[in-house]
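First comes the structure, then the notes that go with it.
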Amino acid sequence: MSETEAENTETASDFIRDVVREDLAAGRHDGIVTRFPPEPNGYLHIGHAKSICLNFGVAADFEGRCHLRFDDTNPVKEELEYIESIQEDVRWLGFDWGENLYYASDNFEQLYEWAVHLIGAGKAYVDHLSAEEMREYRGTLTEPGTPSPHRERSVEENLDLFQRMRAGEFADGTCVLRAKIDMASGNINLRDPVLYRILNAHHPRTGDAWHIYPNYDFAHGQSDAIEGVTHSLCTLEFADHRPLYDWLIENLPVNARPRQYEFARLNLTYTVLSKRRLMQLVQDGHVKGWDDPRMPTLSGLRRRGVPAAAVRDFAGLIGVTKSDSTVDMALFDHCTRDLLNASAPRRMGVLRPLKVVIENYPEGETEMIEAANHPQNPDMGSRQVPFSRELYVERDDFMEDAPRKFFRLTPGREVRLRYAYFVTCQEAIKDASGEVVELRCTYDPETKGGNSPDGRKVKATLHWVSAEHGVPAEVRLYDHLFMREDPGADGDFLDDLNPDSLTVEASYVEPALADAEVGTPVQFERQGYFCADPDSKPGAPVFNRTVALRDSWAKQKKK
RNA sequence: UGGGGAUUGGUGAAAUGGUAUCACGCUUGACUCUGAAUCAAGUAUUGGAGGUUCGAAUCCUCCAUCCCCAGCCA
């Protein structure tokens, strides 16, 4: 299945690849160059992964190259920590930018020269309108704007002013450099957009060398041109910027002619994918950090145990279009399960333990039971699991008054303990409050290994852990971060936070898991996929549930 | 009568005038030492109305709905 998906991904076709194919056929380019251009002001999330897979994927499909470029034009919001995490995450996702690591800030000097060029051509001017005034002069969506009183300043005066802006003579906000385009344009981005603003701030890379910084519009397209990017792929909200992107490219002596194409950003059910909201979740402590396993960040997914290949498969399956859409989280979970099902070794872990005593099993005896690491893949071998008189099974695997469809333990019923024996429940012991605290069972020694010589069948097979040999483990179960598919659709998104997004269980796992390697996926049979968390201590593992197994009994129960 | 973009099953996509295809999800059944996996079946006349055509999801006209834009953010 995942092989098929991988093939689909490789032969992916979408409107962007169609454009690239046509451009190549028409001989418009010698080679294809794309770029992933994050602003280092937050951690990458699965929405970015869509863009990363697209940009690197297109480059790979057409034997071109994809750059990693930091759009670091706003020192007020950007940090080195983000520059580092972004590189780590892109690498983890499986992509390599080789030598092609760039920063918009590397182009600051060139960008400054081009701004001077624009001024010289009478196509840019320094404006002293305040931010509020500028908003008023800009007009509204339905009414044209009014020219700034400074719009017709002489080239000389503009040159002098702009030079002094660079020199640091002015305080933040006192003036800006604007392009002189069309104050009456229906496209507000063309109503003399700001190109440079004064920011007396320390930049993570250029330090205090600059007092003015180009904004996105003046840095992005020109950086594309400088790097020789042929296809500049961005999300839909930038479509309105394309005329400005083109205007700048046309009016500047750039050496290349990149083209911008827009695609729809990813929306996912039961989560949020906006930097502002993710930042808020982290800063207000609703999650434990950017890499909290409940977060849709790449670092969160990684910590939870999601394989990078699952993210890539997902990106391939959702496609690339121009229509707004919200993808079902279930599809992402499917991609994760699909990969892990094939690769994760099987183990036994009892999440919510219920003590079982096998009354007719000799006291003090322990025997080793052979268990396959992957029933469908014998090449993965097997391990020995200790079995003894006292065990733990899952609380949910016992019901005193079982409905017809319940196949598991109930008084008088025989079930199989996986790879071990058939056992029959004789009695449920309760505490003073009436809660079942222990099961008394008997086993059939003839069924060793899990099969009955007389051919009798059981309806259920349960996982188990020997009480004496089991390793206590903290198991963290994650559920959707939000209770609704569309958090914040009617009100504050924080009100939709799922109070049960994290459940911690005191569990027992089989001895083979005592020193599980952090991040390495395993399947706890009948439960889901897990991996050890960095919080693990030697002999005291902590597990994250990556994703639960599909559970048709749970669905049945809801009816 | 501001500008831009979009509309195919519950969800995401494909079909580029020639019998609406795929994936996920859901439902049912088979199988099963994981109620998993696997296997089988079911699950839309393409936003609406006209028109062009032998033939329309694709072309034309009108209508409707949704998304984005008025940062010295990206």
Side-chain angles (χ1 to χ4, degrees), chain A residues 1 4-5 8 13-14 18 37-39 41 71 73-74 76-78 127 129-131 134-136 138-145 172-178 184-191 193-199 212-213 215-217 219-220 234-243 262 264 269 275-276 317-335 337-338 341-342 346 348 371-372 375-376 405-408 416-420 449-451 457-463 485 523-528 548-556:
Chain A
M1 178 82 104
T4 312
E5 285 166 9
N8 288 344
S13 192
D14 48 64
D18 288 347
E39 183 192 12
N41 68 343
D71 262 352
T73 57
N74 186 356
V76 176
K77 293 185 176 174
E78 297 154 7
D127 198 353
L129 248 32
S130 70
M134 202 177 294
R135 193 184 330 116
E136 285 160 17
R138 190 153 33 226
T140 69
L141 293 178
T142 53
E143 297 160 327
D172 286 13
T174 45
C175 53
V176 296
L177 181 74
R178 301 177 73 176
S185 174
N187 183 341
I188 287 178
N189 292 298
L190 262 22
R191 320 242 266 227
V194 168
L195 268 22
Y196 267 91
R197 75 283 210 199
I198 294 172
L199 250 29
I212 56 173
Y213 291 91
N215 65 179
Y216 168 85
D217 289 304
H220 195 89
C234 62
T235 44
L236 252 29
E237 66 269 28
F238 291 101
D240 287 342
H241 291 245
R242 186 168 7 104
E262 311 88 18
T269 55
K275 279 191 184 175
R276 195 205 108 235
L317 285 177
I318 59 176
V320 180
T321 69
K322 290 176 83 85
S323 62
D324 294 307
S325 59
T326 301
V327 178
D328 196 334
M329 184 67 92
L331 177 61
F332 182 60
D333 288 342
H334 162 78
C335 292
R337 286 194 194 100
D338 197 35
N341 176 47
R346 265 99 246 235
M348 291 195 284
Q376 276 82 45
K405 298 276 187 89
F406 184 84
F407 305 147
R408 284 108 97 145
R416 172 169 39 231
L417 292 180
R418 180 137 232 220
Y419 298 121
N451 285 299
K457 303 280 186 193
V458 289
K459 285 286 274 180
T461 299
L462 273 37
H463 60 282
E485 289 192 6
Q523 183 196 91
F524 287 6
E525 293 211 35
R526 303 209 303 135
Q527 293 290 344
L549 251 28
R550 291 181 70 214
D551 187 351
S552 54
W553 165 240
K555 284 172 194 159
Q556 177 76 240

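Residue numbers begin at 1 in each chain, while the letters A, B, ... track the order of the sequences. For clarity, every value in this text was computed on a predicted model and none was experimentally measured.
The listed nucleotides are B:rG71, B:rG12, B:rA6; the one nearest the side chain of A:K322 is B:rA6. Residue A:A239 places its side chain closer to B:rG4 than to any other of B:rG4, B:rA23, B:rG71. Closest approach to the A:V327 side chain among B:rC73, B:rU27, B:rG12 is made by B:rG12 (side chain taken as heavy atoms from C-beta onward).
Contact annotation for A:E262: no contact, since no heavy-atom pair falls under 4.0 Å across all strands. Within the nucleic acid shown, A:T269 has no heavy atom closer than 4.0 Å to any nucleic acid atom. As judged by a 4.0 angstrom heavy-atom cut-off over every strand, A:S325 is placed among residues touching the sugar-phosphate backbone only. Nucleic acid contact for A:V194: sugar-phosphate only, since backbone atoms but no base atoms lie under 4.0 Å from a heavy atom of the residue. Within 4.0 Å of A:D18, counting heavy atoms only, lies at least one base atom of the nucleic acid. Note on A:A330: only backbone sugar-phosphate atoms sit closer than 4.0 angstrom, heavy atoms only; bases stay farther off. Contact annotation for A:K405: base contact, defined as any heavy-atom pair under 4.0 Å involving a base atom. As judged by a 4.0 angstrom heavy-atom cut-off over every strand, A:L129 is placed among the base-contacting residues. Base engagement by A:R346 is indicated by at least one non-hydrogen atom pair under 4.0 Å involving a base atom. Counting non-hydrogen atoms under 4.0 angstrom, A:L549 reaches a base of the nucleic acid. Among the protein residues, A:E39 comes within range of the sugar-phosphate backbone only, with heavy atoms under 4.0 Å from sugar or phosphate atoms but none that close to a base. Nucleic acid contact class of A:D240 (heavy atoms, under 4.0 Å, all strands): base. Among the heavy atoms of the strands lying under 4.0 Å from A:F238 is at least one base atom, whether or not backbone atoms are also near. Within 4.0 Å of A:G186, counting heavy atoms only, lies at least one base atom of the nucleic acid.
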Output the pairing pattern of RNA chain B as a dot-bracket string, 5' first, Watson-Crick or G-U wobble with both distances under 3.5 Å, | for cross-strand pairs, [ ] for crossing pairs.
.((((((..((((....[..))))((((((.......))))))...(((((..]....))))))))))).....
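Scanning atom types as modelled, one donor and one acceptor separated by under 3.5 angstrom connect the side chain of A:H241 and the base of B:rA74. Counting atom types as modelled, A:D328 pairs no side-chain N or O with a base atom of B:rG12 as donor and acceptor under 3.5 Å. You won't find any donor-acceptor pair under 3.5 Å spanning the side chain of A:Q376 and the base of B:rU38, going by distance alone.
Stacking is not found between A:Y216 and the pyrimidine-like six-membered ring of the B:rA74 base under the 5.5 Å centre-distance and 30° plane-angle cut-offs.
Looking at heavy atoms from C-beta onward, A:Y216 lies in side-chain contact with A:D71 at the 4.5 angstrom threshold.
Taking side-chain N and O atoms only, A:K77 has no distance below 4.0 Å to OP1 or OP2 of B:rA74. Contact between the side-chain N/O atoms of A:R242 and the OP1/OP2 oxygens of B:rG5 is not found at any separation under 4.0 Å.
With a glycosidic angle no further than 90° from 0, B:rG71 counts as syn.
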